[in-house]
Amino acid sequence: MKYIREGRFGKPKQYKTGAIVNTYPKPMLVLETEAAGMDIANQPVHWATVSKLVELSASKDLPPLCAISFSPRNVKDLSELYVPTPDAGPFSDFVKAINTLRTTCPWKTVVVDTITGLSDAIYSHQSERNAAALADPRKWAGNIGMKVGQVIDHLQTLPCHTVVIMHSETNKDDLTGATDEQPMVYSRLRESIGAKFGQFFYAFIEGGV
């Protein structure tokens, strides 16, 4: 069977997540990094945890739509320092989830929503585990881009359809004034990330459609 390997990007609130979670093959697992990302679902969401993923995978009656949250936990007090909140937990859990799915994956579709939130989780992970890299943007941005690329590559080894959702950003050339819109991804990975997918879509709403 030929599996969907999709990347989809666009500005916020353009129904990227809704179009996927409400129409793609079920059962579906969403690796959710946005606090309200699943509010758009038109059916009940079964929220799981990484620690219960193996048990859930063994279920003979999977819920149609499952999700695991990797949004920031904010377990530490707000700091006055201008650095990412040190918190290795969300990305560590995300890595465990991907590796678990490579062992057992009964879902027909697995979705990462979004790379923007995942990048923030990697940034916070780096802030706790490798704070020295934060001093040089070439290091921390490159590290985040590298890890995002690895996540996509590992995700696409799963025996199911996979979709990666990204926000977009508009860039302007100071010399020519020309603008272009690219996926919001750290490092130069943004320039070539589309090559990692079998299909790569730009999502937008026009005239309510």
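In this text, all values refer to a predicted model and were calculated from it rather than measured experimentally. Along the sequence shown, residues are numbered consecutively beginning with 1.
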Practice prompt. Establish, from distance only, whether the side-chain atoms of E32 and S69 form a donor-acceptor pair under 3.5 Å.
Written response: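 No - no donor-acceptor pair under 3.5 Å links their side chains.
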Worksheet entry | Between Y123 and D87, a side-chain donor and acceptor under 3.5 Å |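 Note: Y123 and D87 side chains miss the donor-acceptor criterion.
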Item to complete: Please test Q156 against T162 for side chain to side chain donor-acceptor pair (under 3.5 Å), starting from the C-alpha separation and ending with a verdict.
Response: CA-CA 7 Å; Q156 293 186 352; T162 58; 4.8 Å; no
Gap between atom [atom2] of [Y] and atom [atom1] of [X] - 0.5 Å precision:
X: K16; Y: Y202; atom1: NZ; atom2: OH; value: 9.0 Å
X: M38; Y: I68; atom1: CE; atom2: CD1; value: 11.5 Å
X: T157; Y: Y3; atom1: OG1; atom2: OH; value: 11.5 Å
X: I115; Y: I152; atom1: CD1; atom2: CD1; value: 4.5 Å
X: Q182; Y: E191; atom1: CD; atom2: CD; value: 6.0 Å
X: I20; Y: D113; atom1: CD1; atom2: CG; value: 7.5 Å

Practice prompt. Determine the interplanar angle of the W140 and Y186 rings, folded into 0 to 90°, and report it as parallel if under 30°, tilted if 30 to 60°, perpendicular if over 60°.
Written response: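 Ring orientation, 0 to 90° scale: perpendicular.
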Donor-acceptor contact present, side-chain [X] to main-chain [Y], <3.5 Å:
X: T109; Y: H161; result: no
X: N22; Y: G18; result: yes
X: R190; Y: M184; result: no

Discussion item. Quick check: F200 with F9 (ring centres under 6.0 Å apart)?
Written reply: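 Centroid separation for F9 and F200: below 6.0 Å.
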Item to complete: For atom NZ of K26, decide whether the heavy atoms of other residues, nucleotides or ligands shown that lie under 6.0 angstrom number more than 12.
Response: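 Yes, enclosed.
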Fill in: SB check E169 K11 (cutoff 4.0 Å)
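Between K11 and E169 there is no salt bridge, as every charged N stays at least 4.0 Å from the carboxylate O atoms.
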